[in-house]
Protein chains: 2
Amino acid sequence: MGSIGDSMAQADDEGVLRDAGRPRDTGTLGKLMVLLDLVTHAEIPLRFTDILALANQPRGTLHRQLGHLVEEGLLELDAEGRYAPGLRLLDFASRSWARNEFRLIAAPHLAALHRETGETVHLGVLRGASIIYLDKVEGHQPVRMYSQIGNASPCYCTGVGKAALSVLPPDRLEELLPGLHFNRFTAATHADVESLLAEIGEIAAAGHAFDREEHEAGIRCVAAPVWSDDRSFIGGVSVTGPAYRLSMELLQQWAVPVRVTARKIMDEMRIRLGPRR
Amino acid sequence: MGSIGDSMAQADDEGVLRDAGRPRDTGTLGKLMVLLDLVTHAEIPLRFTDILALANQPRGTLHRQLGHLVEEGLLELDAEGRYAPGLRLLDFASRSWARNEFRLIAAPHLAALHRETGETVHLGVLRGASIIYLDKVEGHQPVRMYSQIGNASPCYCTGVGKAALSVLPPDRLEELLPGLHFNRFTAATHADVESLLAEIGEIAAAGHAFDREEHEAGIRCVAAPVWSDDRSFIGGVSVTGPAYRLSMELLQQWAVPVRVTARKIMDEMRIRLGPRR
DNA sequence: AAATTAAGTTCCACATAATGGAACAGACAG
DNA sequence: CTGTCTGTTCCATTATGTGGAACTTAATTT
C-alpha cells in the first residue's frame, strides 16, 4: 500500500471541478451533471435516499433523472439499489484521451524526462480550479494508470497546479481565487489566498514550482508550466517522488530538466498547432 | 506501427453501443448523448456544419445543445471552431474505472494469466451489443493503456464477445441478434446471424471461444466467459497475440488456463459479492 | 402476525426549458 | 461590391421536465 503513484487517488474535496458550486445555466443538462458528479465522486455507492439527501430535488424528479442517466449508461443501478458510475463513461473517455493533441505531443518528452530522473512524471492541465492529470510515466510493474489519469486535484496544493497558476493571466487568476476552498491535506498545504499568492509570485520569477508535501505527506515534486501563447491553454509537467528519496536539493537540480521539458513541449505545440495560439 | 495492442483502437462501426440506433426515451439527455457520441466517435474533430449534417437538428437547436455540452466541459471548442471530447469525461471515467468491483477482483488473476502465457490479457464486459474493455495486462514498456481500456468493440468478432454471447440467456440473445450490423473487418469475420449462432453453440459446448483473425488480420485470441449466477453481469477474459506467434494449436492449449482464470474470477465474485447474483 | 415506518415508484396539472423557423452577422470568393 | 457559405442570436410555440401527493413494496418494530 501507499505507493507513490497512489498519492492522487485519494478523495479530494468534492466539486473541485465546479466553479465554487455556482449553478450553470445549462438547463436540464446542468442538473443531470450535478447528479453524475455526486455519484462518481462519492467514495461508496449511493442509494436513492442518499442521493435524495445530497441533491436538492423532489423525489419524483430525482427518480426520473436517475432513470434517464441509467438508461443512457452513464450510471449503473445494481440489484441492491445502489448507483455507481456507468461504463459508457469509459467509452467516451478513452476517445477523449486517445485524441488529446497536447498529450500526444508531450508523450515522448515525458518519457525522456522519466529516463533522466528515474522518478514518476506527470502531465496535467488546468481546468477551472482543478488540475486534471492527462498522462503519467512511471517505471516498471503492471501500471494501474487509470486510477490516476483523469483525476482532478486542487490547483493550490500541487506542483503542476501552482506552476499553472503562475502563468495564468491576472484577470483569470482574480476570477479563480475567491472560489477556492482551502482543504488542508497536510500541515504544509496553503491555507489562504495570501500565502498562495506570495508563492505564485516566486514561482513566476523562478519558472518552476515545488510541492513540499502539500497534497500528501511524504510526497514532493518539481513542476514547470506549459502554456499556449494566448493562454487559452495552461498546464504543466512534473517529477514526483517520495520525500526520503527526493531531497529539496535534488528537486532544485531537477528544476532545470523539468523546465527544459516544458519548453520542448511548448516549442512543438507551436510547430504542430500553429504559433498564433 | 500496428502493434498488437492497437488492434482495438481502430474505428469500429459507429454506434456499436446503441441498441440498433433506435432512439431512447430519455428526453433531452438522449439527444445530447447522441451528439456526444457523434463527436467522440468521429475520427477527426468535427466543425459545426459537419455535426449539423450528421445530427438531425435545426441549426438554432444544435447550436444551443453544443453550447451546453461545451459549458459543462463534456466537449471542447477550439479556436478554429472544431469540437473535441472534453476533459471532464476523463474525470468521470477515472472514477468509474477505479471503483469497478469486477475489475478489482479480476486484476490479480489477469496478472497471473499474463505470467503464464507471456501474451496480452484482456478483461471485457458485455454492454448491449458491444464489449467494453475494462483492463489489459501487457508486459514491458511504458503502457499506453487508455487507448484500449474503455474502447467498445463489436461482440460478434471478438473472443471475449463471442464467449459472452455463449452464456447469454436465450431471450436476451434473441433480443440482441436482430440489431447487429455485421461489419466485415477481415475475411474471417462472421457475416450473418446464422454462422455466428452456429459458432456460439460450439463455444457454449467447449467453454471457450477463439478469435481467428476476425477483428483484425494477424491477431488471434482465446477467451472464456465470466458471468454472475443470475446473468445480470456477463463478460470474459482473453489472451491475445499475433498469429505468427500464436498457432491455433497453442491457443487450443491455452484454452485451459484461460478457463481456469475465468473460474477463479467467478469464484471470487461469489465470495465478495454474494452468491445470489 | 399485525402495525409502523421507511424506501422506492407512479401519476398528472403546471411551469419551465427546449424547439425551430427566420432573421442577422462575418468571412470569404468571385 | 455582391453572393454564398458558415456560424450566431432571437422569440413565439410547444414539448419536456417539474414536483407535490398518492400509491406500492420492503424492512422493522410491537
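Within every chain, numbering begins at 1; the chains are lettered A, B, ... in the order of the sequence lines, protein sequences first and strands thereafter. All values below were derived from every heavy atom in this structure, side-chain atoms included, with hydrogens, water molecules and symmetry-related copies excluded.
Scanning for side-chain contact (heavy atoms from CB on, under 4.5 Å) contacts around A/S96 gives B/P85, B/L89, B/L90, with sequence neighbours left out. A/H63 meets the ring-ring contact (aromatic ring centres under 6.0 Å, His included) test with A/F48; sequence neighbours excluded. With sequence neighbours excluded, the residues satisfying side-chain contact (heavy atoms from CB on, under 4.5 Å) with B/P58 are B/T61. Every residue meeting the salt bridge (Lys or Arg N to Asp or Glu O under 4.0 Å) condition with B/R263, not counting sequence neighbours, appears here in chain and number order: B/D267. Not counting sequence neighbours, the partners of A/R59 by the side-chain contact (heavy atoms from CB on, under 4.5 Å) test are A/L52. For the side-chain contact (heavy atoms from CB on, under 4.5 Å) test, residues two or more places apart in sequence or in another chain that qualify with B/L177 are B/L173, B/L180, B/V193, B/L196, B/L197.
Both B/Q57 and A/K31 lie close to DNA chain C; mapped to their nearest nucleotides by heavy-atom distance, the more 5′-ward contact belongs to A/K31.
Between the CD atom of B/E71 and the P atom of C/dA18 there is a distance of 12 Å, given to the nearest Å. In this structure, A/L29 places its CG atom 17 Å from C1' of D/dT18, rounding to the nearest Å. Here D/dG20 presents its P atom at 12 Å from CG of A/L52, a figure rounded to the nearest Å. We find that CG of A/L32 is positioned 15 Å from P of D/dT16, with the value rounded to whole Å. Atom-to-atom, CG of B/L62 to C1' of D/dT9 comes out at 15 Å; the value is rounded to the nearest Å. The nearest whole Å value for the distance from the CG atom in B/L66 to the C1' atom in C/dT19 is 15 Å.
Contacts classified as ring pair (Phe, Tyr, Trp, His ring centres under 6.0 Å) and involving residues 64-91 of chain B (residues at least two apart or in different chains) are not found.
Heavy atoms only, all atoms of each residue included: B/P169 and B/I234 are closest at CD-CD1, 4.2 Å.
The pair A/D37-B/R88 counts as a salt bridge, with a side-chain nitrogen and a carboxylate oxygen less than 4.0 angstrom apart.
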Just the table, please: protein N/O against nucleotides 7-10 of chain C N/O, every pair under 3.5 Å.
from	atom 1	to	atom 2	distance (Å)
C/dG8	OP2	A/T49	N	3.2
C/dG8	OP2	A/T49	OG1	2.4
C/dG8	N7	A/R59	NH2	2.4
C/dG8	O6	A/R59	NH2	3.4
C/dT9	OP2	A/H63	NE2	3.0
C/dT9	O5'	A/H63	NE2	3.2

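B/Q65 has no side-chain polar atom (N or O) that falls below the 4.0 Å cut-off from OP1 or OP2 of C/dA18. An OP1 or OP2 oxygen of C/dA18 is reached within less than 4.0 angstrom by a side-chain nitrogen or oxygen of A/T28.
For the helix from C/dA1-D/dT30 to C/dG30-D/dC1, the axis fitted to the five pairs at one end and the axis fitted to the five pairs at the other end meet at an angle of 30° (nearest 10 degrees).
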